[in-house]
Amino acid sequence: MSCLPGGLFTFRPHSRGASGSACPDPAFPLRHALTRPRTGAAATRRPAAAQPEPSHMRLTRYFLPVLKETPAEAQIVSHRLMLRAGMIRQESAGIYSWLPLGYRVLRRIEQIVHEEQQRAGAIPVLMPTIQPADLWRKSGRYDDYGKEMLRIRDRHDREMLYGPTNEEMITEIFRTFSGSYRDVPKMLYHIQWKFRDEIRPRFGVMRGREFLMKDAYSFDVDRDAAIHSYNVQLAAYLRTYERMGISAIPMRAETGPIGGDHSHEFLVLAETGESEVHYDGAIVQKRLGERAVDWDDRVQLQEIFDEWTAPYARTGETHDAAKFEEMVPEERRVSGRGIEVGQIFYFGTKYSDPLGATVTTPEGERVPVHMGSYGVGVSRLVGAIIEASHDENGIIWPESVAPFHVGIVNLKQGDGEADAACEQVYGALKGLGLEVLYDDRDERAGAKFATMDLIGVPWRVTVGPRGLKNGVVELTSRKTGESREVPLADIAGVCAPILDRVANASADVTI
RNA sequence: CGGAGUGUAGCUCAGCCUGGUAGAGCACUGUCUUCGGGAGGCAGGGGCCGCAGGUUCGAAUCCUGCCACUCCGACCA
């Protein structure tokens with residue numbers, strides 16, 4: 001069996017249709033907005049004056065090929081909505097182009113993963129997509145991997161492959177440059193495109209052949225140290241998913257030949273999920289929130305691990321009905337479906353042994369390093385978030401991953417007063433540092449509303465003659481549908497909290 | 001890889017059974033009327049009917065082969 005990230009994230013839907021669960025958005029920003037002081041990093045880190053003006057934030061200049069009708073091939077809701085919202089285009093079975101809107105979301109998710117990995121102490125690298133076959137012969141996996149591995153030959157007839165995962169390569173990198181206990185602990189990660197030649201790709205980006213994935217690898221001198229690295233990644237994942245506005249529950253996973261309880265899959269609850277899940281309903285409410293984490297504190301990280309793994313939460317594979325009933329009071333027992341969006345794994349010396357990745361201990365003994373690997377399905381998350389957060393009109397993006405924070409709908413394009421008011425709102429929101437999509441097309445109101453709903457922009461400012469007569473515009477939440485009139489001059493103040501929330505958890509790191 | 005389908009305009013599809021030189025809606029262009037939830041009229045543009053053979057006076061239509069895509073299964077585990 002495969003215990004490796006390369007074997008993760010297959011997807012099989014259970015049912016079609018309605019939305020599942022996403023974390024509720026943070027509080028509606030309208031209340032108290034005018035009196036609430038600006039807080040957080042955003043106010044200082046994004047000087048408005050330094051913002052260039054990308055012209056593509058006006059819809060007439062953007063590339064947003066939305067479809068009114070649903071393409072025939074899309075079976076599940078996230079696939080349908082990604083096609084309709086002009087996020088992706090299929091180029092071959094399981095292979096997609098990311099169009100501007102989809103690319104924006106993908107980059108946002110990727111950025112959050114980068115920030116949280118680095119916050120937790122992992123170091124970014126980038127390994128190639130193409131690998132030599134010899135490396136895989138060394139680990140013995142070249143023949144094991146089968147037809148899922150895309151094998152190619154270069155002009156000199158050398159055997160190469162498009163990487164389905166990178167354990168071999170990262171282990172070689174570590175082995176080459178590290179030899180002492182002083183060189184550990186180390187945690188390296190990369191976000192790279194991978195290819196698995198699935199027999200039957202389906203469900204859009206949820207189970208493509210080419211997919212973007214974060215893989216982190218930890219190197220430690222012994223098991224205890226490796227378990228700490230594992231706990232660090234678990235906490236980092238909790239932060240990562242919370243920032244994306246989704247609830248991904250760590251569930252005990254199969255550990256294969258290594259044994260122990262150190263593999264967890266993170267599942268987003270959604271009715272269309274591929275995995276059967278059983279869990280203590282109380283865990284859904286748990287939040288790491290703004291808890292200060294000392295990433296070197298083994299005790300604290302162990303406590304976080306214990307806190308999140310104590311409640312019963314398992315997939316169908318590891319489910320134990322008797323234990324479930326014993327551990328969880330009946331009213332909190334929940335069974336449903338989930339989409340796997342990450343997996344963390346401690347695998348000891350499985351690769352360091354055959355590949356000879358050792359360090360010398362203070363006592364002069366050469367020992368193989370203890371490793372773990374930690375995957376996040378970056379491109380898959382785009383689909384998973386949509387599965388967990390949509391309605392009959394389209395996508396409902398959590399603020400943190402939304403392609404645009406605010407959309408402006410001009411109800412009477414070409415009308416001097418409406419145009420001027422839109423420009424004023426547009427300028428004010430951009431000035432804050434928010435990313436704004438201004439629908440300046442000469443379209444009817446209904447078409448503009450439908451587009452904004454479909455692409456899931458979390459906040460919409462509606463500007464029309466009716467409101468302007470009273471000097472107000474309308475601010476509407478995509479998620480709740482709740483609206484409120486805002487004096488034109490106050491729009492920036494009212495929207496400021498959005499930026500605070502979005503930038504709130506953003507770490508001071510660069511790639 | 002087994003089974004079942006589908007390839008016709010940018011998208012959703014009809015036409016194929018029963019061969020006679022290609023259609024609708026949406027989208028697009030122009031125009032008029034509309035204008036707070038995907039409006040309506042008029043006038044236009046757009047297709048080597050997946051590819052290659054074959055049958056026929058004549059093929060989108062019938063036959064053969066190939067290719068691509070989709071669905072079910074197996075696979076992922």
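Convention: sequence-line order gives letters A, B, ...; per-chain numbering from 1.
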Check the interface with nucleotides 8-12 of chain B: list each N/O to N/O pair with the protein under 3.5 Å, or write none.
{"unit_1": "B/C11", "atom_1": "O2", "unit_2": "A/Glu69", "atom_2": "OE1", "d": "3.2"}
{"unit_1": "B/U12", "atom_1": "OP1", "unit_2": "A/Ala72", "atom_2": "N", "d": "2.9"}

>> Whole angstroms only, please: what is the CD1-P distance between A/Ile455 and B/G38?
In response: 18 Å
Within the structure shown, what part of the strands sits under 4.0 Å from [X] by heavy-atom distance: base, sugar-phosphate, or nothing?
X        : answer
A/Thr451 : base
A/Gly467 : base
A/Arg84  : base
A/Arg460 : base
A/Asp453 : base

>> Once you measure the plane-to-plane angle for A/Tyr241 and A/Phe266, does it fall in the parallel (<30°), tilted (30-60°) or perpendicular (>60°) bin?
In response: tilted
State which of [options] makes the closest approach to the side chain of [X].
X        : options             : value
A/Gln90  : B/U34, B/C75, B/C69 : B/C69
A/Arg202 : B/C69, B/G36, B/C72 : B/C72
A/Ile199 : B/G38, B/G73, B/C69 : B/G73
A/Glu274 : B/A77, B/C26, B/G36 : B/A77
A/Glu198 : B/G38, B/C75, B/G36 : B/C75

>> Less than 4.5 Å apart, side chain to side chain, heavy atoms only: is that true for A/Leu437 and A/Ile455?
In response: yes
> Side chains of A/Arg108 and A/Glu435: does their closest heavy-atom pair fall under 4.5 Å?
Replying inline: yes
Please give the nucleotide sitting opposite [N] as a Watson-Crick or G-U wobble pair, both distances under 3.5 Å, or none.
N     : result
B/U55 : none
B/C28 : B/G44
B/C66 : B/G50
B/U18 : none

> Using a distance-only test with no angle check, is there a side-chain donor-acceptor pair under 3.5 angstrom linking A/Ser78 and A/Glu387?
Replying inline: yes
> For the ring-ring contact (aromatic ring centres under 6.0 Å, His included) test, which of A/Phe345, A/Phe305, A/Tyr374 pairs with A/His262?
Replying inline: A/Phe305
> Does A/Glu443 make a side-chain donor-acceptor contact with the base of B/G38, cut-off 3.5 Å?
Replying inline: no
> If you take atom types as modelled and just measure distance, does the side chain of A/Arg444 reach the base of B/U34 with a donor-acceptor pair under 3.5 Å?
Replying inline: yes
>> So, does A/Lys68 get its side chain near the phosphate of B/A27, meaning an N or O under 4.0 Å from OP1 or OP2?
In response: yes
> Going from CE on A/Met371 to OG1 on A/Thr171, what distance comes out if it is rounded to the nearest 0.5 angstrom?
Replying inline: 3.5 Å
> In a check of side chain to side chain contact (heavy atoms under 4.5 Å, CB included) between A/Thr462 and each of A/Val425, A/Leu411, A/Leu475, which one passes?
Replying inline: A/Leu411
>> Applying salt bridge (Lys or Arg N to Asp or Glu O under 4.0 Å), can you list everything that pairs with A/Asp440, at least two apart in sequence or on another chain?
In response: none
